[in-house]
Amino acid sequence: MSERDYDHTAIEERWQTAWADADVYRTPDDAENPTYVLGMYPYPSGKLHMGHVRNYTITDAYARYRRMTGDEVLHPMGWDAFGLPAENAAKERDTNPRDWTMDCIGTMREQMRSMGFGYDWDREIATCTPEYYKWNQWLFERFHEEGLVERRDAEVNWCPNCETVLADEQVEGEAELCWRCGTPVVQRELEQWFLRITEYADELLEAIDDLEGWPNSVRQMQRNWIGRQYGAEIDFEIEDHGPVTAFTTRIDTINGATFFALAPDHPISERLAEESEEVRRFVEEEADPEGDEPNGVSTDLTATNPATGEEIPVYVADFVLSDVGTGALMAVPGHDERDHAFAQKHDVEIKPVIAPEPEGWDGETVPDAPDVGEEAYTEDGVLVNSGEYSGLDSETARARITEEIETAEESTQYQLRDWGISRQRYWGTPIPVVHCHDDCGAVMVPEEELPVELPEFVNTTGNPLDAAEEWKETTCPACGGPAERETDTMDTFVDSSWYFLRYISPDLETAPFDRDRANDWMPVDQYVGGIEHAVMHLLYSRFFTKVLADHEGLEHREPFTNLLAQGMVQLEGEKMSKSKGNTVSPQRIVEEYGADTARLFMMQAAQPERDFDWSEEGVRSTYAFLDRLKGMVDGFVENEPDGERNAVASYVESEIDATVAIATDEYDTLRFNEALRETQGLVRTLRQYAEYTEPHAGTYGHGLSAVVRLLAPVAPHLAEELWEELEGEGFVVEADWPDAEIDRDRVEKRRQLVENTRKDVRDIVEVAGIEDPQAIDVVIAPDWKYDALEIAIDSDADNLIGELMGEDHIREQGDAAADYGQDLQTEREALSMTLDPEEEHDALEAAAWLLEREFDAPVEVVRAEGADEEVVRKAEPGRPAIHIEN
RNA sequence: GCGAGGGUGGCUGAGCUUGGCCAAAAGUGGCGGGCUUAAGACCCGCUCCCGUAGGGGUUCGAGGGUUCAAAUCCCUUCCCUCGCACCA
């Protein structure tokens with residue numbers, strides 16, 4: 001780096017201090033409906049990585065943009081501070097999770113400050129503080145009061161060595177090993193606390209349709225996750241075991257149900273396993289629900305098909321899952337691929353009962369049965385071999401069969417399960433429950449005793465809360481007798497399901513959030529984060545918001561209006577990760593190039609939702625751009641130019657307006673890369689201007705001032721520095737966004753006209769082999785052609801020429817009018833309005849210097865009157881005639 | 001298998017929602033030129049084929065269709081990426 005490089009470290013520190021001293025990012029409590037911009041709060045690992053930098057640069061840039069356009073903005077930050085890594089780190093380093101986490105928070109806060117992120121730090125929250133998690137507990141009890149909390153047995157992943165439950169993500173590989181100690185994980189039944197999110201399944205699903213500000217992918221993932229299916233439940237009578245309920249979406253195929261299948265852990269299967277060695281061996285040894293092959297074992301039992309009255313064999317099969325439907329199913333091999341495969345393997349009858357609907361079907365004739373020997377027919381169709389139902393279409397048949405079979409009834413199934421929040425961990429929110437040694441059972445801790453605080457950390461295997469004897473021992477709030485505290489803590493997703501509400505009133509001591517203010521400030525206008533939270537966090541947050549709307553007077557049913565799932569920062573096409581060792585440290589980039597460079601490089605590299613490759617070269621050229629810009633501003637301020645306000649200046653003025661108009665649009669829709677490209681284009685134009693001629697100070701200064709403000713959301717430090725040089729006072733953070741009177745359509749037409757004209761001149765010079773042009777005339781079409789064009793666009797007459805000749809001033813043009821009319825007629829369907837003649841003239845005159853510079857010949861832009869007849873003839877609206885003197 | 005999103009000029013990548021200056025933005029790479037003692041930076045042009053006055057031809061995964069007109073709309077087909085998945 002040469003000596004000209006600007007001192008980014010000094011500049012960035014200077015402005016970070018100035019912003020903090022002036023408290024510029026504070027959102028006062030009396031703000032009215034501020035724009036709420038939020039990035040997903042981080043887990044405080046102690047190190048900001050590139051993903052964070054990208055995430056928070058997006059929100060910061062948007063927040064700054066909105067602030068400059070005059071909005072009040074709420075842009076807070078906090079810490080997802082509970083979680084397993086802190087517990088592990090504490091064990092390794094012989095400290096405790098609290099101290100370790102608080103240290104990490106301190107470091108990361110400082111790193112964020114050095115990136116120049118403008119947060120209202122007075123609203124900072126950390127979920128591991130009793131002031132925060134007290135409200136997790138309070139909410140848990142409110143949910144309980146509303147019947148949305150349940151305690152029941154559940155099967156969980158259990159590591160016998162660590163003596164704790166593991167989340168599915170923490171079980172590794174096919175062999176199912178514990179991610180920490182490599183011990184094989186076992187399934188274990190444990191009493192767990194659940195939040196009844198399934199109560200809201202329908203609303204969570206249906207409201208997705210209205211989340212128009214969310215990416216389709218996320219919406220679809222949530223729909224799949226909820227997985228609602230309409231069908232029917234129906235009982236099959238099994239000898240000695242009574243009725244067994246099966247769920248099916250295809251009750252129209254019931255006449256083709258030729259066997260019945262039970263999950264290996266269905267109560268009947270378990271009973272059979274006790275009696276039959278074969279079933280026992282299958283259930284305990286052979287069943288492989290993960291495998292592709294549908295395996296099963298026959299039983300001696302039969303079930304009665306309620307439609308046909310036939311006795312059909314009963315199998316225990318591993319493709320039947322106990323947590324899907326009822327854990328028992330009627331198998332229809334003729335119309336289900338999996339059932340078909342199983343039936344072939346076990347030689348069960350395959351009976352077609354649905355035929356494809358014949359073309360031009362009359363709605364009653366019973367078609368021939370299809371051949372389902374080789375392959376199941378899985379579509380809807382027309383029933384055959386179905387007794388009185390034969391001849392009905394599938395949909396009608398489903399309704400009638402459900403209606404007419406005694407035990408059948410409509411049923412809706414969801415894939416969504418209730419949310420098990422119990423974790424056998426220390427570093428989380430204690431579940432505020434006491435287990436009475438007498439008969440009171442699980443009793444909620446009274447509200448006035450909240451928060452139930454975590455005891456001191458004990459380094460032990462298993463759950464430290466279990467080892468905290470003194471803490472555990474308590475009295476029952478109901479009967480006063482001896483009791484024990486619940487030792488499970490909450491899933492950290494509980495913390496993040498409502499943190500966005502806490503920022504609104506972070507110090508409130510009487511409620512989780514200030515209701516009135518929340519009603520005013522919510523929902524979050526723009527939420528930004530990684531796609532990995534597409535389902536869990538975003539679904540849980542929606543659930544909490546709906547519960548709070550129903551029971552706590554929140555007047556919003558959705559938390560996030562617009563959601564942006566930002567893309568990954570990659571290195572050579574691969575995701576950056578510690579294990580691959582291909583990370584780029586933001587700290588190093590900030591030291592070497594400054595936060596502004598890092599931010600600007602990232603924002604211009606790609607649209608925020610796309611992945612992009614980190615490139616050191618790109619970073620260097622971004623730095624060079626900022627450096628040059630600083631040089632331009634320095635030069636301008638030190639030595640103000642005194643050029644004329646001439647045609648060239650007016651070209652530059654119009655380019656400034658164009659840039660502002662376009663960049664503003666792009667900022668609005670978070671397409672920072674486009675906005676920045678325009679801005680950099682304007683810098684280039686300004687540089688060309690200064691190179692070509694002595695600039696007009698007002699114009700040039702105006703351009704620089706616009707550039708600085710357009711850049712301010714993304715490169716705020718240097719923008720402050722340059723703003724100070726240009727304006728002398730005030731923060732650019734608080735400056736007004738530049739405005740342009742111009743509309744985008746007009747801007748683009750003008751640029752197009754100039755660009756086309758330059759290209760035409762080049763073509764002519766090239767094709768005609770003109771070595772050294774002496775003079776270039778650019779001639780605007782006469783007014784009557786513009787009139788004719790307008791008439792042609794509006795006209796729907798068959799004979800356009802006739803209509804044109806109806807206008808005196810056009811008819812007067814004689815042959816010329818006829819010729820042009822003919823052209824219009826040919827192009828008729830494709831015509832579009834151009835700028836008017838005066839605008840075209842002005843635009844070209846302003847851009848004439850570009851041609852003069854390029855061809856080193858005088859350029860004259862003239863109106864049709866007074867130009868050579870022969871030349872004018874070729875001029876059309878949007879396309880001036882060009883004459884080159886050789 | 002189901003669902004979502006894609007396939008554009010050497011590469012990256014806009015545009016396709018609202019068909020028409022789209023041979024198709026921008027960047028990058030390559031070529032030529034300017035500036036410079038020189039290098040870098042910066043500036044200008046070219047970069048599908050043909051063309052001595054702004055023209056013509058062939059292109060936007062493949063094939064078909066709608067239209068005066070399709071990268072853009074419809075159908076079929078192939079391939080890629082990402083979610084979900086023995087879901088009854």
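In the text below, chain A, chain B and the rest are named by the order of the sequence lines, each starting its count at 1.
Among the protein residues, A:Gln607 comes within range of the sugar-phosphate backbone only, with heavy atoms under 4.0 Å from sugar or phosphate atoms but none that close to a base. A:Gln752 comes within 4.0 angstrom of the backbone, heavy atoms only, and of no base. Nucleic acid contact for A:Gly878: base, since at least one base atom lies under 4.0 Å from a heavy atom of the residue.
In this structure, a donor-acceptor pair under 3.5 Å is present between the side chains of A:Arg828 and A:Ser795. In this model, no donor atom of one side chain and acceptor atom of the other lie less than 3.5 Å apart for A:Tyr689 and A:Glu655.
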All N/O donor-acceptor pairs, side-chain side in residues 246-254 of chain A, below 3.5 Å, sequence neighbours left out:
unit_1	atom_1	unit_2	atom_2	d
A:Thr248	OG1	A:Arg250	N	2.9
A:Arg250	NE	A:Asp252	OD1	3.0
A:Arg250	NE	A:Asp252	OD2	3.3
A:Arg250	NH1	A:Thr378	O	2.9
A:Arg250	NH2	A:Asp252	OD2	3.1
A:Arg250	NH2	A:Glu379	O	3.4
A:Asp252	OD1	A:Arg398	NH1	3.4
A:Asp252	OD2	A:Ser394	OG	3.0
A:Thr253	OG1	A:Arg250	O	2.7

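Counting non-hydrogen atoms of other residues, nucleotides and ligands closer than 6.0 Å to CG of A:Asp856 gives a total of 12 or fewer.
Residues satisfying the ring-ring contact (aromatic ring centres under 6.0 Å, His included) criterion with A:Phe636, sequence neighbours excluded, are A:Tyr700. Taking the side chain to side chain donor-acceptor pair (under 3.5 Å) definition, one finds that A:Glu827 meets it with nothing, sequence neighbours left out. For A:Asn295, the side chain to side chain donor-acceptor pair (under 3.5 Å) test picks out A:Asp318, A:Lys345, with sequence neighbours left out. Qualifying salt bridge (charged side-chain N to carboxylate O under 4.0 Å, His left out) partners for A:Glu755, counting only residues two or more places apart in sequence or in other chains: A:Arg758. Residues satisfying the side chain to side chain donor-acceptor pair (under 3.5 Å) criterion with A:Thr245, sequence neighbours excluded, are A:Asp235. Every side chain to side chain donor-acceptor pair (under 3.5 Å) that A:Asn216 has, sequence neighbours left out, goes to A:Arg219.
For A:Arg677 against B:A25, a side-chain-to-base donor-acceptor contact under 3.5 Å is present.
Following rounding to the nearest Å, A:Glu766 (CD) and B:G32 (P) show an atom-to-atom distance of 16 Å. When rounded to the nearest whole Å, the span between CZ of A:Phe612 and P of B:A14 equals 14 Å.
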Taking N or O atoms only and anything under 3.5 Å, show me the protein contacts with nucleotides 35-42 of chain B, one pair per line.
unit_1	atom_1	unit_2	atom_2	d
B:C42	OP1	A:Arg628	NH2	3.2
B:C42	O3'	A:Arg687	NH1	3.1

List every contact pair, protein side and nucleotides 53-57 of chain B side both N or O, where the distance is under 3.5 Å.
unit_1	atom_1	unit_2	atom_2	d
B:A53	N6	A:Ile884	O	2.9
B:A53	N1	A:Ile884	N	3.1
B:G54	O2'	A:Asp760	OD1	2.8
B:G54	O2'	A:Arg879	NH2	3.1
B:G54	N1	A:Pro880	O	3.3
B:G54	N2	A:Asp760	OD2	2.8
B:G54	N2	A:Pro880	O	3.0
B:G54	N3	A:Asp760	OD2	3.2
B:G55	OP1	A:Arg879	NH1	3.0
B:G55	OP1	A:Arg879	NH2	3.2

For nucleotides 10-12 of chain B, which of its nitrogen or oxygen atoms have a protein nitrogen or oxygen under 3.5 Å away, and what is each distance?
none

(message) Protein within reach of the bases, or only the backbone? For nucleotides 67-75 of chain B, mark each nucleotide 5' to 3' as B, S or -, using heavy atoms under 4.0 Å.
(response) -B-------
(request) Summarise how protein sits on nucleotides 82-88 of chain B as a single string, 5' to 3': B when a protein heavy atom is under 4.0 Å from the base, S for sugar-phosphate-only contact, - for no contact. (result) -S--BBB
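Between A:Tyr315 and the choices A:Phe260, A:Phe342, A:Phe282, the ring-ring contact (aromatic ring centres under 6.0 Å, His included) rule is met once, by A:Phe342.
Taking the six-membered ring for Trp and thresholds of 30 and 60 degrees, A:Tyr377 and A:His335 have ring planes more than 60 degrees apart, a perpendicular arrangement.
Base pairing of B:G29: its partner is B:U47, meeting the Watson-Crick or G-U wobble criterion (both donor-acceptor distances under 3.5 Å).
In this structure, A:Leu844 CG and A:Thr757 OG1 are separated by 4.5 Å, a value rounded to the nearest 0.5 Å.
A salt bridge is defined here as a Lys NZ or Arg NE, NH1 or NH2 lying under 4.0 Å from an Asp or Glu carboxylate O, and A:Arg677 with A:Glu666 fails to meet this definition.
Of the residues near RNA chain B, A:Ser832 and A:Arg758, the one whose nearest nucleotide (by heavy atom distance) lies more toward the 5' end is A:Ser832.
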